[in-house]
Amino acid sequence: MAANGSQFEFVSGKPIGSVLIVPLLSVPKPALNMLGQVDQLCEGAVSELLESGAIHADAGPIVHTTRAGAMHRVIVVNMGKAAELTGHKVRVAGAQAARWLMNNQVEKATLWIDDLAATDVEEACGAFASGMTLGGWSYRQFTTRNSTPPALIKVAVCGHEPSAAKQELATMRDAQMVADAANYCRSIAHQPPNVITPKTLAAEAKKLAAEHKLKLTVIDAAKAKQLGMEGLLSVGKGAADPACLIIVEYRPLPKTRTLTALVGKAITFDTGGYSIKPAANMEAMKFDKCGGCTVLGILKAAATLRLSCNLVGVIAAAENAVSAEAYKPADILRMYSGKTVEITNTDAEGRLVLADALWYAQQHLEPTRIIDFATLTGGVIVALGDACAGLMSNHDRLAEELGESGRATHERVWRLPLWDDYVDLIKGTDADLKNSSTKRHAHAIVGGIFLKQFVKSNVPWAHLDIAGVAHDDDGNSITGKGATGFGVRLMVDYLRRYAS
Ligand code: BES
Ligand code: MN
Ligand code: ZN
C-alpha cells in the first residue's frame, strides 16, 4: 500500500500498462471524436465491442476483450443509460473496475475517462475514483494467502483532451482522499476484539492525532469515575480493559466559529452482558465500535483535506463483557448528567455510554451542534433494513441538511420521530429512567428518545443509528462484505456545505 494508504495511484500523462479501462454508457453511444483516440490505443477494440452489440443496457457490468497489441486487455465498464445514471451508479462501476483489477493482479492500467466526463452526473470522475478506492480495499491484516493483489496499482488517467484529463485528476484525487478516510475507518472496524479494546482504540486515536497534529485527550477510567460517568464505566466493568472516553480535536478556525461535535459509540465487543446475545453471528458484534471508527474516519478526512470547519470527536469506548464484575439487570446507575437509570437489559449498553459522552460534549466543549453515530439498535434494521441509517433529531434544519448530504453521497438517512409520546416507554420505576422498554414498540426510536434525555433542548443534535449500514453481511454494497465506513463520505459532504 502507498504511504497514504491508497490502493491506487492516479497519474496523468501517457497511457501505461497493458490494460485499458473504458467506462462507457450503453445509451447513447459515445461520440466518434472520443472513440477515435481510444480505438487507436487498442486497435479498434472499443468500437468493435460497441458494433457487436455487446454493450447494451442489460449487459453485465464488465465487458472484456483481448487484443494482440500493446493494450491487450480492454475492459469496458458498462454504466448503462445516460438518462438513468447517478453518482451512485458511477461509484458502483468504479468499484467493479477496481475488483477486476485486483482479481487479475494488474499493476498498471490506463483509464479512459471521456464518457465519464461527458455525463451530466456532477463530478462523475470523482465518483468513479471513489468507487475504485472503496471497492478495491479489503482487510488483509491477518491473512497469509500467497496470492495477494499488488500493493499499489498505478492508473493513468487519459482522455482525448489531455488538459481536461488533468483537471479531472484533481477531482479524482480529492474523492480518493475521502474514500481513503472511509477505508481507514473500515480498517479499524475490522480489527478483532482481542486486538482492539478501549485502550488500544485510544492508542489508534493517538496515532491519528500525532499524524495530523490533532489534539487528543483521553478520559481514563479513574478520571471518568471522578467525573461521575457511571453509564460509561458500568458498561465496561465486566471487561479486562476498562472503558474510556477519547476526545480528538481538529480546530483550524478561530474559536468564535462554529464547532461540530461528533460523538461515536465504540463498543469494542458487545456480548450483550448478562442479557447475553445468542451465539449465532455474535462475532459481528466486533462491528459495534463502528460509530467510533466513523468519527475517527471523519477527523482523518477533515485533516487530510484541510476542511474549513472546527470539529471535535468524542468516542465512548467500552467492551460489554460478562464477568463477576459486569453490571447487571436491576443495577441503578447515576449518570454523568445526574439522571438515574435502572438497568432492565445489559444489552442496551450503547445508549448508556453515549449518554455520558453527549453530556461531556455539552459540559466541556460547547458545540454548536452534535451529531452522534452508533450501531445502537437491531430495531433500526427491522424498520429500515440496510438501505439507510435511521436519523433522529431535535432540529429540523440539521435533519434536512443531513438528508441532503445523504442523497448526494448515497449514504442515505431516513428520519424517525422523537415525539414525547415515546418517553413513557423508558420511564423508570425505582429510578428516573430505564435503559430499555419492556414492550417491543419502536426500538430504534426508544434508543433515540433515551439519548434525547441527555441533550439540552437548545443544542441542535442528530442521532444516526447506523446498525443496519455500518456493516454489510450480504456483500451488496460498493464496499462488499464487512465494514462499509458509512458516515465518512456523508459527513465530509455535510461539513463542506454546512459547517464552516
Ligand atoms: N449493538 C447492538 C445493536 C445491533 C444489533 C447492532 C444488530 C448491529 C446489529 C445494541 O447494543 C443492542 O444490543 N441493542 C438491543 C437493544 C435492546 C436490548 C433494547 C437491540 O437492538 O436488540
Ligand atoms: Mn447491545
Ligand atoms: Zn451494542
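When a ligand or atom number is given, it counts from 1 through the structure's own listing order. On a predicted model such as this, the values are computed, not experimentally measured, just so you know. All residue numbers in this chain count up from 1 along the given sequence.
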request  = Search all heavy atoms of I370 against all heavy atoms of A361 and return the closest pair with its distance.
outcome  = CD1-CB, 4.5 Å
task = Quick one: look up the protein heavy atom nearest atom 17 (C) of ligand 1 and list residue, atom name and how far away it is.
result = H443 CE1, 4.2 Å
Test item: I315 and L262 side chains (from C-beta on) under 4.5 Å apart, heavy atoms = no
task = Measure I381 to ligand 1 on non-hydrogen atoms and call it side chain, backbone, both or neither using the 4.0 Å cut-off.
result = side chain
ask   = Can you check whether K277 has an N/O within less than 3.5 Å of an N/O in ligand 1?
value = yes
key: For E349, the ligand 1 atoms whose distance to one of its heavy atoms is below 4.0 Å   = 11 (O)
task = Could you establish whether H471 and ligand 1 come within less than 4.0 Å of each other, counting only heavy atoms on the residue side?
result = no
ask   = Any side-chain heavy atom of M392 within less than 4.5 Å of one from L464?
value = no
request  = Taking both backbone and side-chain atoms into account, decide whether E349 has an N/O/S atom under 2.8 Å from the Mn ion (ligand 2).
outcome  = yes
task = Looking only at N, O or S atoms, find the one in D288 nearest to the Zn ion (ligand 3) and name it.
result = OD2
query = Is there a heavy atom in I267 that sits closer than 4.0 Å to ligand 1?
reply = no
inquiry  = Please report, to 10°, the angle around the Mn ion (ligand 2) from atom O (D347) across to atom OD2 (D270).
reply    = 170°
key: Residue and atom name of the nearest protein heavy atom (relative to atom 14 (N) of ligand 1), distance in Å to one decimal   = L376 O, 3.4 Å
query = Less than 3.5 Å between some nitrogen or oxygen of D270 and one of ligand 1, yes or no?
reply = yes
inquiry  = Please check whether S436 reaches ligand 1 - meaning an N/O of the residue sits under 3.5 Å from an N/O of the ligand, judged on distance alone.
reply    = no
query = Is K237 close enough and on-axis enough to Y327, meaning under 6.0 Å and within 45°, for cation-pi?
reply = no
request  = Please tell me if the side chains of T368 and P460 come closer than 4.5 Å, counting only heavy atoms from C-beta onward.
outcome  = no
ask   = Is E204 salt-bridged to K207, going by a charged N under 4.0 Å from an acidic O?
value = yes
remark   = In short, D356 meets L232 closest at the heavy-atom pair OD2-N, 3.0 Å
note = At the Zn ion (ligand 3), OD2 of D270 and NZ of K265 open up to roughly (10° bins) 170°
key: Ligand-residue contact atoms, ligand 1 with T375, heavy atoms, under 4.0 Å   = 1 (N), 2 (C), 3 (C), 6 (C)
query = Given that the side chain starts at C-beta and the backbone is N, CA, C, O, which of these parts of T377 lies under 4.0 Å from ligand 1, counting heavy atoms, or is it both or neither?
reply = both
query = Any idea which atoms of ligand 1 are less than 4.0 Å away from a heavy-atom of M285?
reply = 1 (N), 4 (C), 5 (C), 6 (C), 7 (C), 8 (C), 9 (C)
inquiry  = Within ligand 1, which atoms have a heavy atom of N345 less than 4.0 Å away?
reply    = 18 (C)
task = State, with a plain yes or no, whether a side-chain heavy atom of F450 is found less than 4.5 Å away from one of V341.
result = yes
ask   = Looking at Y250 versus H212, is the centre-to-centre ring distance below 6.0 Å?
value = no
ask   = Hey, is K265 one of the residues with a heavy atom under 4.0 angstrom from ligand 1?
value = yes
ask   = Do the side-chain N and O atoms of S477 and T484 include a donor-acceptor pair separated by under 3.5 angstrom?
value = no
ask   = What protein heavy atom is closest to atom 16 (C) of ligand 1, reported as residue, atom name and distance in Å?
value = R351 NH2, 3.9 Å
ask   = Of all the non-hydrogen atoms in the protein, which one sits nearest to atom 12 (C) of ligand 1, and at what distance?
value = D347 O, 3.2 Å
inquiry  = Counting only nitrogen or oxygen atoms and a 3.5 angstrom limit, does G378 reach ligand 1?
reply    = yes
query = Looking at side-chain heavy atoms only, is the closest gap between S405 and Y498 below 4.5 Å?
reply = yes
message = Can you confirm if the NZ or CZ of K339 lies within 45° of the ring axis of W359 and under 6.0 Å from the centre of its six-membered ring?
response = no
Nearest non-hydrogen protein atom, atom 6 (C) of ligand 1 = A467 CB, 3.7 Å
task = Considering just N/O/S atoms, say which atom of E349 is closest to the Zn ion (ligand 3).
result = OE2
query = Taking all atoms of both residues into account, what is the closest heavy-atom pair of F128 and A97, and its distance?
reply = CZ-CB, 3.9 Å
message = Are any of the N/O atoms on D288, whether in the backbone or the side chain, positioned under 3.5 angstrom from an N/O atom of ligand 1?
response = yes
inquiry  = Taking atom NZ as the centre, does K456 end up with more than 12 heavy-atom neighbours from other residues, nucleotides or ligands that are less than 6.0 angstrom away?
reply    = yes
